[in-house]
Amino acid sequence: MSNYDVVCFAAHPDDMEFSIAGTIAKLVGEGKRVLQVVFTKAENSTHGTVEERMRELDAASQALGVDYRVLDFHDGLLFSDAETQAAAARVLKETRPAVVFAPYHTNDAGHWDWQAHHDHLECGKIVKEALKFARFVNFFDDLKVSHLVRRCYYYMIPTDRRPTFVVDVTDAREKKLEAIKKYETQMRINRIGVSMLELIETREKFFGMAIGAKYGEGFIVDETFRAEPNHLFEL
Ligand SMILES: [Zn+2]
């Protein structure tokens with residue numbers, strides 16, 4: 001497996017695209033090499049078979065210009081444990097990304113937030129631990145390297161927190177929609193009379209409002225930034 005600038009972890013096919021496909025499209029447009037790592041095949045999904053979901057993942061990845069890798073953990077039963085953390089740490093050591101994305105690991109709100117799926121939260125917890133294990137040289141007998149990820153940015157499924165920052169994705173919206181619409185099985189979902197596309201757009205507009213943009217994608221950062229005084233004029 002070759003090196004990547006960015007590795008984006010997701011619990012299910014579609015988590016990344018529905019949340020941050022605009023940011024990913026912009027990074028790819030700037031020449032960054034992006035790998036998506038999906039923990040499960042969404043085999044317990046209410047909508048769509050595994051074969052359909054895998055075909056959709058392939059099509060969406062092609063639309064965005066990213067590579068992908070699917071791990072074989074159980075949909076609905078993803079847990080942050082030694083096995084999942086080791087799997088993520090191995091990916092990080094093999095691909096050596098500077099930047100990692102993952103779903104945010106904590107949901108303070110109730111169970112009505114359908115985006116705060118158990119697997120999403122666990123995926124964030126897995127990655128948070130794997131970032132530490134990736135630094136340990138002797139963690140794997142057959143892969144004795146240390147890799148320090150520069151920054152992990154958590155994307156917002158769940159949505160109940162205030163983002164640390166928002167990326168303006170207005171000019172990447174067309175590419176984002178192209179990728180999202182590859183998930184045909186999910187486009188048929190219509191909760192409370194609101195389509196999946198409408199839900200995604202509502203979230204983008206909500207985040208966008210925080211920075212005076214039409215469409216935005218929110219992220220949370222756990223670490224404290226190191227800053228020099230001149231940085232304060234660039235943020
Ligand atoms: Zn999901």
Side-chain angles (χ1 to χ4, degrees), residues 3-10 15-16 19-37 64-66 80 85 88-89 91-109 115-116 120-121 123-137 139 145-173 175-176 202-235:
N3 286 11
Y4 286 89
D5 300 298
V6 177
V7 171
C8 180
F9 289 93
D15 289 346
M16 178 189 92
S19 307
I20 56 166
T23 301
I24 297 295
K26 291 182 87 160
L27 287 168
V28 171
E30 290 169 6
K32 296 289 188 287
R33 298 194 63 223
V34 180
L35 172 70
Q36 175 175 200
V37 178
L64 285 173
V66 308
S80 180
Q85 290 165 18
V91 169
L92 296 175
K93 282 172 176 264
E94 287 175 346
T95 59
R96 309 185 67 76
V99 165
V100 162
F101 293 107
Y104 191 57
H105 45 69
T106 304
N107 174 41
D108 291 330
Q115 294 168 107
H120 299 171
L121 306 174
C123 181
K125 290 173 190 159
I126 292 165
V127 173
K128 191 175 172 81
E129 297 306 320
L131 293 166
K132 300 170 197 165
F133 291 133
R135 296 187 67 177
F136 300 160
V137 176
F139 195 69
V145 293
S146 168
H147 179 62
L148 173 62
V149 170
R150 180 167 172 74
R151 201 62 77 180
C152 178
Y153 302 114
Y154 294 100
Y155 54 94
M156 298 188 61
I157 46 173
T159 54
D160 66 301
R161 293 210 174 192
R162 185 177 176 143
T164 308
F165 67 90
V166 172
V167 174
D168 181 349
V169 295
T170 309
D171 59 358
R173 190 95 205 310
K175 178 61 77 177
K176 179 172 183 173
T202 301
R203 197 167 57 190
E204 292 173 305
K205 285 183 170 174
F206 179 73
F207 288 137
M209 275 194 295
I211 58 165
K214 187 169 183 184
Y215 297 110
E217 290 173 348
F219 296 86
I220 294 176
V221 184
D222 278 348
E223 293 87 11
T224 301
F225 286 114
R226 180 185 189 280
E228 298 297 334
N230 62 323
H231 294 160
L232 304 179
F233 294 87
E234 297 167 5
L235 293 172

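In what follows, residues are counted from 1 in the order of the sequence shown. These numbers were taken from a predicted model, which means no experiment stands behind them.
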Nearest-0.5 Å distance that lies between atom OG in S19 and atom OH in Y154: 15.0 Å
Enclosure of R135 CZ (heavy-atom neighbours >12, cutoff 6.0 Å): no
Parallel, tilted or perpendicular, as decided by the 30° and 60° cut-offs, for the rings of F165 and Y153: perpendicular
Any donor-acceptor N/O pair, T164 side chain to V221 backbone, under 3.5 Å: yes
Check against side-chain hydrogen bond (donor to acceptor under 3.5 Å, both in side chains), D222 and H105: CA-CA 10 Å; D222 278 348; H105 45 69; 2.7 Å; yes
Heavy-atom pair with the smallest gap, counting every atom of K175 and L64: CG-CD2, 4.1 Å
Test log, rule side chain to side chain contact (heavy atoms under 4.5 Å, CB included), inputs M156 and F207: CA-CA 10 Å; M156 298 188 61; F207 288 137; 3.8 Å; yes
Backbone N/O of A102 and side chain of K128: donor-acceptor pair under 3.5 Å: no
Backbone of P97 reached by a side-chain donor or acceptor of H147 within 3.5 Å: yes
Taking every non-hydrogen atom, the tightest pair across F133 and K93: O-CE, 3.6 Å
CA sep, side-chain torsions, deciding dist, call: T23, Y155, side chain to side chain contact (heavy atoms under 4.5 Å, CB included): CA-CA 10 Å; T23 301; Y155 54 94; over 6 Å; no
Closest approach of A10 to D15 (non-hydrogen atoms, all atoms of both residues): CB-CB, 3.8 Å
Minimum side-chain heavy-atom gap R173-K214 below 4.5 Å: no
